[in-house]
Amino acid sequence: MFALIDGNNFYVSCERVFRPDLNGLPVVVLSNNDGCAIARSNEAKALGIAMGAPWFQIKHMSESHGLVALSANFALYGDLSDRVASLTAGFGPRQEIYSIDESFIDLAGVTRDQVAYGHRMRARILDWVGIPCGIGIGSTKTLAKLANHVAKTAERKPGSYPIQFAQVCDFSAMSPVEFTDVMERTNVDEVWGVGRQISNQLNDGGVRTVAQLMALDPATVRRGWSVVLERTVRELQGVSCVALEDVPADKKEIANTRSFGHVITEKYQLVEAVTDFATRAGEKVRKQSGLAGLVHVFIRTSPFRKDDAQYSGCITVPLRRPTCDTRHLVAAAVMGLERIYRPGYNYAKGGVMLLELQPDTRIQNELDLGDDVPDKGKLMAALDSLNQRYGKGTVIMGSSGNRGSDREWSMKQERRTPAYTTEWEDMPIARA
DNA sequence: TCTGGGGTCCTAGGACCC
DNA sequence: TCTGGGGTCCTAGGACCC
């Protein structure tokens with residue numbers, strides 16, 4: 001049996017822990033550059049504000065409806081997320097931290113009243129951390145997710161579901177009649193793994209409710225859609241196909257991408273941005289003791305600026321050998337940028353992704369002696385510890401804009417061949 | 001004027017091999 | 001002149017998740 005514990009309107013709830021005056025008010029948390037709403041309080045949802053709504057379109061509600069908008073504070077949310085996860089880890093023998101605001105708990109060993117246990121878990125999190133949660137319980141992860149949806153919706157929208165399922169909803173404790181009733185009230189698009197496309201396709205085929213989806217033959221679903229949806233259907237039928245993953249896997253890709261907030265046109269500005277993206281990505285890959293084999297860079301204009309000429313450029317640069325050294329990553333990223341930059345466009349967004357990640361199995365000796373750069377490992381370790389102690393960006397890499405433009409390089413298609421060489425001695429390494 | 005930032009998995013189709 | 005079929009690997013793109 002699984003429980004899914006999910007913080008309600010998580011970012012807003014985090015803000016309210018330190019700003020109780022925000023309780024009862026319509027509140028949204030805005031993305032980077034205050035671009036759009038990425039979390040909404042129940043009151044804001046009731047105003048009809050959609051997930052991802054651009055701030056400039058809902059701004060007027062701050063006048064008319066007292067809407068409060070906050071710039072995101074991800075450090076705060078990460079910290080509160082850790083506290084909730086540490087607490088919930090004790091609620092069962094195993095835990096999977098699924099996202100910043102969700103954990104699956106294995107309820108093995110909880111044999112008596114699971115609903116009462118759910119309410120005690122919920123009260124404990126509210127008391128100790130201050131975050132209100134919804135708790136869903138089911139025999140598979142998909143059912144637990146769906147029960148969680150019922151728990152939250154029953155609380156937020158009276159009448160949507162029987163009120164006794166609000167806050168904590170345990171499918172396994174329902175009578176068959178209650179269970180069928182709930183499944184008939186729930187649309188297929190609420191199911192974990194059913195998004196807009198598949199939902200539309202199911203609706204076209206006359207399958208609108210979860211009750212109908214559950215009744216489908218898994219083999220038919222596989223033929224008509226995919227093994228993914230087949231697995232979802234089986235999970236709804238109570239056959240556990242998705243295991244609890246209590247050991248987080250290493251990332252297979254690491255990305256750092258941003259909208260710039262305002263358009264930029266000059267190459268040197270993009271070089272700065274890409275240098276920063278690659279630096280952040282390097283920190284992340286070293287954190288998981290990994291090496292990257294490829295560096296992918298992209299820049300693009302804004303599709304929302306209809307009058308602008310549109311351009312989207314990307315390139316995947318192979319590294320001569322897998323590395324986690326910021327200097328190599330930055331050099332490759334800037335080199336890629338040189339190839340894809342076109343003057344005369346208004347760039348709105350860019351990013352760097354590290355691909356073909358692999359574990360760093362080199363022994364410390366190699367790192368210290370360096371294959372091509374002396375003390376490479378020590379330098380990166382020093383960089384990371386300085387930035388961790390004194391704050392992000394205390395020590396950063398420098399880039400010069402036209403480096404690499406005349407160097408040997410190779411496109412993705414040729415990635416098995418040695419890619420390029422760089423010298424480091426003449427590079428500005430860091431500034432404090 | 002202003003529109004997020006991450007990730008994963010699956011599939012189809014082409015290249016290539018025997 | 002006739003001209004198979006199975007298998008693997010790789011990649012791009014779609015769909016989903018938070």
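Below, read A as the first sequence line, B as the second, and so on, with proteins coming before strands; counting in each chain starts at 1.
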Restricting to side chain to side chain donor-acceptor pair (under 3.5 Å), what partner residues turn up for A:Q201, sequence neighbours left out? A:W225
In whole angstrom, give the distance that lies between atom CD1 of A:I100 and atom C1' of C:dC17. 15 Å
Pairs of donor and acceptor atoms involving the side chains of residues 87-106 of chain A, under 3.5 Å and at least two apart or interchain, shall be tabulated with distances.
from: A:T88; atom 1: OG1; to: A:V84; atom 2: O; distance (Å): 3.1
from: A:T88; atom 1: OG1; to: A:A85; atom 2: O; distance (Å): 3.2
from: A:T88; atom 1: OG1; to: A:Q95; atom 2: NE2; distance (Å): 2.7
from: A:R94; atom 1: NE; to: A:D106; atom 2: OD2; distance (Å): 3.4
from: A:Q95; atom 1: NE2; to: A:A85; atom 2: O; distance (Å): 3.2
from: A:Q95; atom 1: NE2; to: A:S103; atom 2: OG; distance (Å): 3.1
from: A:E96; atom 1: OE1; to: A:K141; atom 2: NZ; distance (Å): 2.7
from: A:E96; atom 1: OE1; to: A:E245; atom 2: N; distance (Å): 2.8
from: A:Y98; atom 1: OH; to: A:W192; atom 2: NE1; distance (Å): 3.2
from: A:S99; atom 1: OG; to: A:D101; atom 2: N; distance (Å): 3.3
from: A:S99; atom 1: OG; to: A:D101; atom 2: OD1; distance (Å): 2.8
from: A:S99; atom 1: OG; to: A:E102; atom 2: N; distance (Å): 3.4
from: A:S99; atom 1: OG; to: A:E102; atom 2: OE2; distance (Å): 3.1
from: A:E102; atom 1: OE1; to: A:K145; atom 2: NZ; distance (Å): 2.6
from: A:D106; atom 1: OD1; to: A:A108; atom 2: N; distance (Å): 2.8

Taking only residues two or more places apart in sequence or in another chain, which ones pass salt bridge (charged side-chain N to carboxylate O under 4.0 Å, His left out) with A:R156? none
Closer than 4.0 Å, any side-chain N/O of A:K145 to the OP1 or OP2 of C:dC18? yes
Does the side chain of A:F179 come within less than 4.5 Å of A:M214's, by heavy atoms? yes
B/S/- along nucleotides 5-10 of chain B (protein heavy atoms under 4.0 Å) is SSSBSS
Atom pair distance, as rounded to whole Å: CZ in A:F304 and P in B:dT3: 8 Å
Let me know the distance between CD of A:E235 and P of C:dC16, rounded to the nearest Å. 17 Å
Take the protein atom NZ of A:K141 and the nucleotide atom P of C:dC16, then report the distance between them rounded to whole Å. 19 Å
Can you list the residues that meet the side chain to side chain donor-acceptor pair (under 3.5 Å) rule with A:N33, with sequence neighbours excluded? none
Do A:L354 and A:V352 have side chains that get closer than 4.5 Å, going by heavy atoms? yes
Sequence neighbours excluded, which residues qualify as salt bridge (charged side-chain N to carboxylate O under 4.0 Å, His left out) partners of A:D189? none
Output the rounded distance in Å from CD1 (A:I58) to P (B:dG4). 13 Å
Residue closer to the 5' end of DNA chain B, A:Y11 versus A:W225 (nearest nucleotide): A:Y11
Would you say A:R305 reaches B:dC2's phosphate, i.e. side-chain N/O to OP1/OP2 under 4.0 Å? yes
Output the rounded distance in Å from CZ (A:R222) to C1' (B:dT11). 12 Å
Take the angle between the ring planes of A:H296 and A:F298 and call it parallel below 30°, perpendicular above 60°, tilted in between. tilted
Without hydrogens or angle criteria, can the side chains of A:E15 and A:Y77 be said to hold a donor-acceptor pair below 3.5 Å? yes
For A:R208, check salt bridge (charged side-chain N to carboxylate O under 4.0 Å, His left out) against everything at least two apart and list the hits. none
Provide, to the nearest angstrom, the distance between the CD atom belonging to A:E230 and the C1' atom belonging to C:dC16. 17 Å
Do the side chains of A:R19 and A:L70 get nearer than 4.5 Å, heavy atoms only? yes
For A:F18, give me all partners under ring pair (Phe, Tyr, Trp, His ring centres under 6.0 Å), at least two apart in sequence or on another chain. none
To the nearest angstrom, how far is A:D101 atom CG from C:dC17 atom C1'? 12 Å
Using the P atom in both, what is the distance from B:dC2 to C:dC18, to the nearest Å? 30 Å
Give DNA chain B the dot-bracket treatment, 5' to 3': Watson-Crick (N1-N3 with N6-O4 or O6-N4) or G-U (N1-O2, O6-N3) under 3.5 Å, [ ] crossing, | other strand. ....||||||||||||||
Per the side chain to side chain contact (heavy atoms under 4.5 Å, CB included) rule, which among A:L319, A:V334, A:T279 passes with A:L329? A:L319
Counting only heavy atoms and a strict 4.0 angstrom limit, can you tell me which residues of residues 183-220 of chain A come near DNA chain C? A:V191, A:W192, A:G193, A:V194, A:G195, A:R196, A:Q197, A:I198
Salt bridge (charged side-chain N to carboxylate O under 4.0 Å, His left out) involving A:D34 - partner list, sequence neighbours excluded: none
Strand-adjacent residues in residues 149-156 of chain A, judged by heavy atoms under 4.0 Å from DNA chain B: none
